[in-house]
Structures are given as C-alpha cells and as structure tokens.
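These numbers come from a predicted model, not from an experiment. Below, chains carry the letters A, B, ... as their sequence lines are ordered, and counting in each starts from 1.
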Protein chains: 2
Amino acid sequence: MTAQVLNGKKTRGSGVDIIQVAQCAGVSPATVSRVTNGRSTVAKHLAKKVWRAIEELGYTPNPQARALVSGRSRVLGLLVSEITNPFFPELMQNFEDVAGKHDFEVMVGSTNYNRERAKIFIRRLVQRRVEGVAVMTFRAESHFLDELIAENIPLVTIDVSADAARSLVLEVDYAQGIDEAVQHLALLGHRWIGFASGPMPHLTNVRRKDAFVRAAKRIGLAAEKAPVFVGDHTFEGGTQAALYFLGLKPRPTAIVCSNDMMAVGVLRVMAERGIQVPRDMSVIGFDDIHLAEFINPPLTTVRMSRQELAKAAFHGLQQLWTEKSPGSRNAIHVGTRLVVRQSTDSPREAAEALPRKPRVRKARMRPVLA
Amino acid sequence: MTAQVLNGKKTRGSGVDIIQVAQCAGVSPATVSRVTNGRSTVAKHLAKKVWRAIEELGYTPNPQARALVSGRSRVLGLLVSEITNPFFPELMQNFEDVAGKHDFEVMVGSTNYNRERAKIFIRRLVQRRVEGVAVMTFRAESHFLDELIAENIPLVTIDVSADAARSLVLEVDYAQGIDEAVQHLALLGHRWIGFASGPMPHLTNVRRKDAFVRAAKRIGLAAEKAPVFVGDHTFEGGTQAALYFLGLKPRPTAIVCSNDMMAVGVLRVMAERGIQVPRDMSVIGFDDIHLAEFINPPLTTVRMSRQELAKAAFHGLQQLWTEKSPGSRNAIHVGTRLVVRQSTDSPREAAEALPRKPRVRKARMRPVLA
DNA sequence: TTGTATGCGTTATCAC
DNA sequence: GTGATAACGCATACAA
C-alpha cells in the first residue's frame with residue numbers, strides 16, 4: 001500500500017518516472033537526466049534540487065528505457081567452464097563485484113565442457129545485448145565465440161587470444177608460481193619430481209607443463225626427463241596419476257599437479273595405500289581452491305588469484321570500450337604464487353643424500369630418518 | 001563485416017528491428033510481434049513467412065524494448081548466503097537452467113552473511129525491475145527483504161515465510177533424511193550419537209536439530225539426552241564440535257553434523273588425533289556438497305537436492321505470478337535423503353553389545369574387534 | 001485475423 | 001546551462 005496511485009495513474013514497480021521528478025524539482029526532464037548521468041554541465045543549485053526530488057520520490061531510472069535509447073545494456077557476460085569447480089564461484093563473485101561497482105550486471109554461464117550449453121548461453125548473451133564478455137574457460141574453444149565475434153562484442157579471454165578485432169587476452173604467468181613450487185621442493189631435498197598434467201591439447205595445460213619442465217631443468221633436477229603423466233584435471237585423473245607415479249621404478253618423492261582437483265585425487269590414493277603425505281610423498285596443487293585448506297593434509301599449492309583475474313578481466317573490457325584504434329593493445333599480466341601448507345616436506349632419505357643445502361625456510365625439515 | 005549497413009542505416013548489435021522483419025515478410029509489425037510472442041491468432045501461412053524473414057535477417061527481439069513496453073523485465077533475482085559454500089553454485093546453476101528455459105535471466109548475489117552486501121544487492125534487484133526473487137539463504141534475515149516486499153515483488157524463501165502478500169515458502173523436510181541417518185547408525189549398532197548443530201537462533205538449524213533429537217528418541221537411543229554441540233556451520237565449528245564430543249565421558253561412537261562443512265572439520269580433527277573414521281568414529285554430514293565424495297573418507301551425508309530446490313523455487317515464483325487471490329497458497333515440499341558413503345560403520349564394540357540386528361546392507365560390517 | 005496508431009521512460013539533438 | 005522534442009524498438013488497444 002505504498003502510494004500505489006499517484007496523480008490518478010497506476011504506478012508499477014518503483015513507479016515514479018523522470019517527468020515526475022522534473023516537476024517536483026521544477027526543472028525539465030532533460031536536466032534530471034543530466035543529473036542522474038553525472039553530466040557536469042548542470043548548475044550546482046539545480047542539481048541539488050534534483051537530487052532532493054529524487055530522494056523524496058524514491059526515483060530510480062528505468063534501466064530498460066535507458067538501455068533502449070542509449071544502446072548500452074549495462075550487462076556483461078561471464079563464461080566459465082564448470083561451476084562445481086571451486087575456482088570459479090570465487091571468480092564469479094569477484095567479477096560481479098567489480099562489475100557491480102561500475103553499474104554493470106553480469107550474466108554467468110557454465111559450459112560444463114558441453115558445446116551445446118555454451119552455444120545456448122552465448123545466444124542468450126547476444127540476445128540480451130551484452131556489452132562485453134569475459135571468457136574464463138581456460139580452453140581454446142574459440143569456435144564458441146564466433147557469434148560474439150560476428151556481433152563485434154568486446155571479448156576478454158585467458159591464455160589464448162580470440163583472434164577478433166575487439167578482443168584482449170589475459171596472460172597468466174604460470175611459470176612464476178610453478179618455479180616457486182619446484183624450488184620449494186628442491187630446497188626440501190627432492191630430486192625426482194613427477195608432474196601430473198591436464199589434458200594436453202589445451203594451451204593452458206601445455207604452458208603449465210612447460211613451466212614445470214623448465215623449472216625442473218633450471219634447478220638442475222631430473223635432467224630433461226622429468227616424469228609427466230597426462231591426466232584430465234579431474235579427481236579421477238589425479239588418482240590415475242598417483243597410480244602411475246607409484247609404479248615408477250625410482251619412485252618420485254614429490255608430485256606437482258596441474259590443478260588442485262588432481263592433487264586431491266592423488267591425496268586420496270596415498271591415503272588408501274597408507275602412504276603418508278608429506279612424510280612419504282610431497283604433493284603440490286595448482287589453483288588454490290577453497291577446498292585446498294580443508295583437505296587432509298592442507299595442500300601446498302600455487303595460487304592464481306581470482307580477484308586479480310576478475311579485476312584484470314573487467315579492466316580489459318574497459319580498455320576495449322575506450323579504445324579508438326584496435327592497435328596498441330597489450331596483453332594483461334596476471335601473476336601466480338606458491339602457498340605453502342602441509343602437503344610438502346623433505347623426503348625421508350633426503351638429508352644424507354643431499355647435504356649441500358641443509359637450510360630450509362621454516363623448521364619443517366625433519367631429523368634424518370626419524 | 002556482417003551487413004553492418006542496411007538500407008543506408010547503421011545497424012548496431014543484432015541491428016535488425018521488427019519493422020524490417022515486417023517489410024521482409026510483407027506483413028505489419030504487429031503481426032511479427034504476435035508471432036514472436038507465440039500468439040495463436042496468426043494465420044499459419046503468415047506465421048511461416050514471418051519465421052522465414054526472422055531467420056533470414058537474423059532478427060532477435062530487443063529485450064529492453066520489450067521490457068519497457070510490457071513492463072516485464074524477464075529478470076529474476078537469486079540470493080544465496082555464501083558462494084564459496086559448494087552447496088550454492090550447484091543451486092545457482094540449476095536455478096539459472098530452469099529460469100533460462102523459460103526465457104528468464106537471473107541476477108545472483110551472495111550476501112556472505114554481510115548485511116551491507118545484501119542491501120546493496122537487493123537495491124540492484126529492484127532497480128533492474130526483477131520480476132521475482134528466490135531467497136535461498138537459509139536464514140530469517142527478512143529485514144533484508146523489506147525493500148522487495150515494499151515493491152510487491154514475488155518472493156520465494158526457504159523454511160521461513162517472508163510475511164508478504166506475494167510470497168511463498170519452500171518447506172524442506174529435514175526430518176526425512178535425518179531420520180534415515182539416525183536409523184542407519186542405529187542399524188550399524190550405534191547407541192550414543194552426538195549432534196553438531198548450526199547456530200541456534202536460525203530456524204533451519206533448530207529444525208535440523210529437532211529432527212535429530214526426535215529421530216534419536218524414536219529409535220529409542222540416547223533417551224532424551226542426546227548430546228548436542230552448537231557450532232556455526234563452518235569448518236572451525238566442526239573442529240570445535242569434534243573436540244567437544246571427544247571430551248565426553250562416554251564418548252559418542254558417531255557424530256551427525258548439521259552441514260557438510262562441519263563434518264569436514266570433524267574429519268580433520270579425527271585425522272589429526274589418529275582416530276580412524278569410520279572404525280573408531282562414524283560421521284554423517286548434511287547437504288551432500290560436491291566435496292563430500294572427495295574428502296577422506298567419502299562422507300555419508302544427507303542430500304538436499306539442489307535441482308529439486310531450484311525447480312521448486314522457480315515454480316513457486318510461477319505460482320505467484322499466475323495467482324489471482326493470495327489466498328489458497330500452500331508451501332512447497334522439498335525432500336531430503338541419506339547418501340551412504342564410507343564415513344559410517346559399526347562401532348568397534350558393537351557386535352557383541354548388540355547382537356540383535358547383525359544384518360547390514362553391504363559387507364561393510366567389520367569382524368569383531370578386528 | 002490483420003493493420004494502424006499510441007505510448008513505454010529515457011537519452012540525445014537541437015535550439016534557446 | 002537549460003528546455004522542448006524526436007527517436008529508441010516493441011506491444012497492444014482499437015479499428016478494420
């Protein structure tokens with residue numbers, strides 16, 4: 001029963017429109033519009049009166065009318081690959097937060113690695129006239145994006161450029177965190193480290209693996225033949241990787257995983273086999289999903305900041321909006337870093353085998369053979 | 001370079017409007033509108049021609065224009081309490097899927113138990129003229145909803161009614177699954193079972209706890225003094241609960257938790273103390289979050305179906321839309337059920353103490369004292 | 001059954 | 001700086 005009828009006219013929703021505000025403030029609708037849009041060409045005292053009227057009437061501009069006349073929907077798209085992967089919800093929230101601060105709404109869609117789902121979602125995006133899309137899918141499934149590209153919608157992707165005029169790529173520095181991970185292990189005394197990779201055609205996984213191989217080489221460990229198992233970034237992939245490494249003749253003393261879910265799978269196998277982590281085997285993940293600190297033992301992992309990623313994605317879109325010529329565009333850099341928890345330690349036989357670098361950060365190095 | 005200029009007029013976005021379609025099909029705009037809106041009052045052969053024109057020109061109706069003239073935004077709101085709780089992303093996806101099938105977009109917001117966040121999000125909802133909101137927050141924070149109620153926006157809540165004209169409540173049948181859980185434990189031979197509750201003023205937690213107490217009573221176990229620890233539905237709350245139950249004089253042989261995160265906390269404490277689950281302690285969770293099957297050991301838990309919940313929420317809104325008189329409205333029922341995994345087993349001393357029901361489903365009952 | 005005309009609430013283009 | 005006024009793209013009341 002909140003002033004549903006005003007001026008003999010039914011009011012729906014917020015009910016009050018720009019004309020009523022104008023009347024109440026004693027100005028023209030145009031001036032009200034200028035005020036709500038932050039145009040600086042309005043006299044102070046008039047703006048004041050307009051704001052007062054807005055306050056008094058509880059006026060909120062109608063977004064659909066605005067969008068219609070301005071051609072800008074103030075809606076963004078966010079495409080992720082699987083919402084059940086804890087990495088993404090955090091990313092979504094951070095993206096929505098930045099977007100919201102700039103008065104954008106965001107449509108989120110999870111492909112679940114399903115081509116059809118992606119297509120349907122993208123269709124919805126163009127139908128709703130989104131002003132930009134962040135494709136946070138870590139896959140080069142750019143054929144999904146054809147419709148977006150055809151509509152000339154600004155696009156921000158990860159790792160691999162969309163090959164479109166109005167697009168921009170976020171370059172994740174995998175090497176940074178993976179270097180830290182390998183050095184961390186080397187310092188602990190590990191000399192034979194396995195890498196559980198994600199599915200191989202995907203660029204992001206190639207990069208993670210290459211970063212590992214280079215890091216291992218650089219550290220002087222495992223020469224060029226660091227053992228690599230190609231999994232699929234799932235829990236099951238992790239169990240398979242664990243089984244593979246456990247079967248190796250000289251068994252690795254540590255496993256670095258291409259993502260956290262695989263690390264969780266590895267942990268499960270170790271637990272089932274009675275192999276203590278980290279005493280008998282060190283494990284490192286990648287992503288730092290929420291779960292990483294709740295699993296047993298808490299997972300040492302490489303963190304890729306969701307907040308940084310979200311901000312970079314939004315700013316990338318901003319860049320594309322304000323950009324005149326699609327020329328001088330440079331990729332946006334996103335860092336990674338190691339987070340040490342409790343799934344890494346010195347290997348049991350390490351202390352005497354490697355007496356040369358006894359100094360390890362914390363006092364977590366165990367006494368010999370104890 | 002996709003037909004950006006048509007008829008000497010710059011086309012933006014999908015570019016083609018209802019008038020062009022009308023011309024192309026040789027009918028009036030009104031007829032095109034009737035066709036796209038599925039009005040049955042259009043002659044078959046004309047509709048055919050219209051569809052052909054739509055196809056040919058790649059026409060998609062402008063949602064903002066539609067919303068403006070019809071007064072219906074085709075946008076819904078979804079409010080959850082914390083996006084990092086794996087329960088919610090699944091719920092979100094399911095809700096978006098149902099909504100999407102009916103041509104609705106959904107704005108999701110996570111309060112993170114932060115009053116200010118909720119307020120801000122709700123303001124955005126009314127500004128965007130959402131047609132309905134699903135409040136899946138499991139809390140009676142109805143003061144958040146005042147603005148929604150004042151705008152007379154259809155509201156679906158969980159457990160506790162919003163006390164608004166156009167609202168409806170989803171009644172989750174906690175007792176159903178919790179009964180199953182307690183009976184499952186009783187069948188395994190447990191007679192002294194602890195309950196780790198969520199924060200107590202909240203109705204949902206009261207209901208879960210009451211369901212447990214009643215189930216325990218009904219089963220004839222633990223008389224009326226089943227031990228209850230009031231935690232806070234977080235991982236830490238779970239560790240505290242575990243410590244509490246471990247300190248009890250006759251130590252419970254099983255712990256039922258009010259949600260999965262607490263169960264995960266319990267599991268962690270058990271692991272740290274070297275207490276084997278399920279051999280030395282059985283643990284049951286509630287929710288069946290994704291993580292439940294990946295934790296060690298996989299968690300026996302009560303599943304509350306996200307899909308069922310999402311569908312119920314949407315159908316609730318539909319009901320509110322089509323409803324004439326806000327009278328004959330009945331709550332929507334949502335069930336729960338036990339999912340048995342590997343965190344439950346017979347207590348060690350059970351077999352001789354309770355010889356009466358030796359038959360347990362799978363062959364998971366251990367030999368006495370082995 | 002189909003077409004014509006009006007209006008939805010706002011921004012933008014002009015004059016002033 | 002400020003105010004009229006014409007779009008924006010569509011649904012719909014009404015006329016035919």
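The nucleotide whose nearest atom lies closest to any side-chain atom of B/Ile18 is, among D/dC10, C/dT10, D/dC8, D/dC10. Distances from the side chain of A/Thr31 to the nucleotides D/dA4, D/dT2, D/dA11 place D/dT2 closest. Across C/dC8, C/dT11, C/dA12, the shortest atom-to-atom separation from the side chain of A/Ala30 is found for C/dA12. Taking the side chain of A/Arg66 as heavy atoms from C-beta on, and the options D/dA11, C/dT10, C/dT2, the nearest nucleotide is C/dT10. Of the candidates C/dT11, D/dC8, C/dG3, C/dT11 carries the atom nearest the A/Ser33 side chain, counting heavy atoms from C-beta on. Comparing C/dT11, D/dG9, C/dG9 against the side chain of A/Ala65 picks out C/dG9 as the nearest. The side chain of A/Thr41 has D/dT2 as its nearest neighbour among D/dC10, C/dG3, D/dT2. Distance from the side chain of A/Thr36 is smallest for C/dT11 among the nucleotides C/dT2, C/dT11, D/dA4.
At whole-Å resolution of the value, CZ in B/Arg72 and P in C/dC8 are 16 Å apart. Put simply, CD on A/Gln64 is 14 Å from C1' on D/dC8, counting in whole angstrom units. Rounded to an integer number of Å, the gap from CD of B/Gln127 to P of C/dG9 is 17 Å. Atoms CZ (B/Arg74) and C1' (C/dC8) sit 17 Å apart, rounded to a whole Å. Residue A/Arg34 contributes atom CZ, which lies 15 Å from atom P of C/dT10 at whole-angstrom precision. The distance from atom CG of A/Asp17 to atom P of C/dG7 is 14 Å, rounded to the nearest whole Å. Look at NZ on B/Lys49: it is 14 Å from C1' on C/dT1, rounded to the nearest Å. The nearest whole Å value for the distance from the CG atom in B/Leu68 to the P atom in C/dG7 is 14 Å.
A salt bridge (Lys or Arg N to Asp or Glu O under 4.0 Å) with A/Glu147 is found for one member of A/Arg124, A/Lys119, A/Arg123 and no other, namely A/Arg123.
Phosphate proximity of D/dC8 to B/Asn62: absent, as no side-chain N or O sits under 4.0 Å from OP1 or OP2. OP1 and OP2 of C/dT11 both lie 4.0 Å or more from every side-chain N or O belonging to A/Arg39. OP1 or OP2 of C/dG9 has not a single side-chain nitrogen or oxygen of B/Arg129 nearer than 4.0 Å.
Checked for salt-bridge contact, A/Arg72 and A/Asp103 miss the test: no charged N lies under 4.0 Å from a carboxylate O. Ion pairing between a basic and an acidic side chain is recognised when a charged N comes within 4.0 Å of a carboxylate O; B/Glu131 and B/Arg74 show no such pairing.
Among the atoms of the strands shown, none is found under 4.0 Å from any heavy atom of B/Val32. Residue contacts shown for B/Ala43 are limited to sugar-phosphate atoms, with no base heavy atom under 4.0 Å away. Nucleic acid contact for B/Ile19: none, since no nucleic acid atom lies under 4.0 Å from a heavy atom of the residue. Using a 4.0 Å heavy-atom distance criterion, A/Pro61 is classed as a sugar-phosphate-only contact.
Here the side chains of A/Leu78 and A/Met92 are in contact, with some heavy-atom distance below 4.5 Å.
Between the side chains of B/Gln20 and B/Tyr59, no donor N or O sits under 3.5 Å from an acceptor N or O. Under the 3.5 Å distance criterion, with hydrogens and angles disregarded, a donor-acceptor pair is assigned to the side chains of B/Arg66 and B/Thr36.
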